[in-house]
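The block underneath contains the structure these notes are about, expressed in structure tokens.
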2 protein chains.
Amino acid sequence: MLHDPAQLDLMFQALADPARRQMMERLSRGPASVSQLAEPLAMSLSAVVQHLNVLEASGLVSTEKLGRVRTCRIEPKALRAAEHWINERRLAWERRLDRLGDFLAETKQQT
Amino acid sequence: MLHDPAQLDLMFQALADPARRQMMERLSRGPASVSQLAEPLAMSLSAVVQHLNVLEASGLVSTEKLGRVRTCRIEPKALRAAEHWINERRLAWERRLDRLGDFLAETKQQT
DNA sequence: GCGATACTGAAGTATTCACTTAACTATTTT
DNA sequence: AAAATAGTTAAGTGAATACTTCAGTATCGC
């Protein structure tokens, strides 16, 4: 479920926007309300809510409404899934380079 | 330079598309030509070239043309930058949760 | 040199995005 | 109860995306 391509789509797409990454940075320092997330951003509150919905749909953020304030927090599981995907590919490539290096070193010795 | 928001934009945006992620998966197993990248994808070669240009512009992939074939390879540095950004945010959040846990454990003992 | 191969580029199109404004709903505060 | 606060929703707009097809341009193999 965490490796569902559609879910990864949503997560990477969510992280592709600078405003949303800024919101994630804010949330990495602790939970925040919608207005608190909006404060440093040069856009309407409405736009922020829309960004927030994208983040929530991607699973990167979860929210909970108490009274009139919606409190948002990071969902580390989802973040880990995105991280994991990247890591796998990078490692596969780097292991390949290592093997290639070993191979070259060996064949060099054999001359 | 690796933490340039614009560069991160390009990288996450590049990874947001399933076709491009599939191309990255193929490349993580070794260099490939444009046609080899295109082979498993249900779209025109032209579309693949366009995706490839997105990947290259993001820095995630570098290419080199010899004769008539363009060979593509993963650029692990860029991949590491994206990974790093995610990791930082996740760790910040998880450390926060840990501190909170410690705090709750302490105050509980004090009763 | 001639045909096949491996791309490349331009133009067009349908869809999706990132906003905006404006009108509205629920909760507190006074 | 009235006014302020916090957020939501809908509709619209301009720009960016993800393709397509078609018409190229270099190699390469014979």
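Letters A, B, ... mirror the listed sequences (proteins, then strands); counts begin at 1. Both backbone and side-chain heavy atoms feed into the values below; hydrogens, waters and symmetry mates do not.
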Check each residue of residues 50-75 of chain A for a non-hydrogen atom within less than 4.0 Å of any atom in DNA chain D, then write out the ones that pass by number, or none.
A:K65, A:R68, A:V69, A:R70
Residues A:E64, A:R73: salt bridge by 4.0 Å N-O rule
yes
Mind checking whether B:R70 and B:L52 have side chains closer than 4.5 Å, heavy atoms only?
yes
Please find the pair of heavy atoms, one from A:R21 and one from A:L15, that lie closest to each other, and give the distance.
NH1-O, 2.8 Å
Distance below 4.0 Å between A:Q13 side-chain N/O and C:dC17 OP1 or OP2:
yes
Please list residues of residues 36-49 of chain B whose heavy atoms come under 4.0 Å from any atom in DNA chain D, ordered by number; otherwise none.
B:M43, B:S44, B:S46, B:A47
For B:E94 and A:P76, the nearest pair of non-hydrogen atoms, with its separation, is OE2-CB, 3.5 Å
Residue whose closest nucleotide on DNA chain C lies nearer the 5' end, B:V34 versus A:D17:
B:V34
Would you call B:E75-A:R90 a salt bridge at under 4.0 Å N-O?
no
Find out whether the Lys NZ or Arg CZ of A:R95 is both under 6.0 angstrom from the six-membered ring centre of A:W93 and within 45° of the ring's axis.
no
Taking the side chain as every heavy atom from C-beta outward, state whether B:P18 and A:D9 have any pair of such atoms under 4.5 Å apart.
yes
So, for A:A82 and A:L8, which heavy atoms are closest and what is the spacing to 0.1 Å?
CA-CD2, 4.1 Å
